[in-house]
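Computed from a predicted structure; not experimentally measured. Values reported hereafter were calculated over all heavy atoms of this structure, with side chains retained and with hydrogens, waters and symmetry mates removed.
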Amino acid sequence: MAVNPMLSAAGNSMLQATRALDSAAAELVHQQVNVDGEAPSHSDSFVQDTAEAMLDLQLYKRQVQASAQVVKTADEVLGFLLDVHA
């Protein structure tokens, strides 16, 4: 029996979003501490880069939430179909 394509797509999306979330979090940490271990100056580029990293975190968080909802819905549909078939 083949894996439900909806579950497979949701799992792949969740995996990609989790990896991107880790990357965005690492970038944010990297921006907060420079090579010398000192806090960077709050230049315009620093503020812009930090804002972009925070937006990326929110975007990927929403992607994980949406993928989880797809998994939940697929589970409910499969459960219903099994109940009908039985």
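- Between atom CD of residue E76 and atom CG of residue L81 there is a gap of 12.0 Å, rounded to the nearest 0.5 Å.
- Residues A25 and L57 approach most closely at N-CD2, 3.7 Å, considering heavy atoms.
- With a 4.5 Å cut-off on side-chain heavy atoms, L78 and L7 count as touching.
- Contact detail for S67 and S13: the closest heavy-atom pair is OG-OG, 3.0 Å.
- Counting only distance, with no hydrogens or angles, the side chain of S23 and the backbone of R19 share no donor-acceptor pair below 3.5 Å.
- To the nearest 0.5 angstrom, Q65 atom CD is 10.0 Å from M14 atom CE.
- Rounded to the nearest 0.5 angstrom, D49 CG and M54 CE are separated by 13.5 Å.
- To the nearest 0.5 Å, atoms CD (E52) and CG (L59) are separated by 12.5 Å.
- Taking OH of Y60 as the start and CG of L55 as the end, the distance is 11.0 Å to the nearest 0.5 Å.
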Stepwise side-chain contact (heavy atoms from CB on, under 4.5 Å) check, L28 with D56: CA-CA 10 Å; L28 188 60; D56 286 345; over 6 Å; no
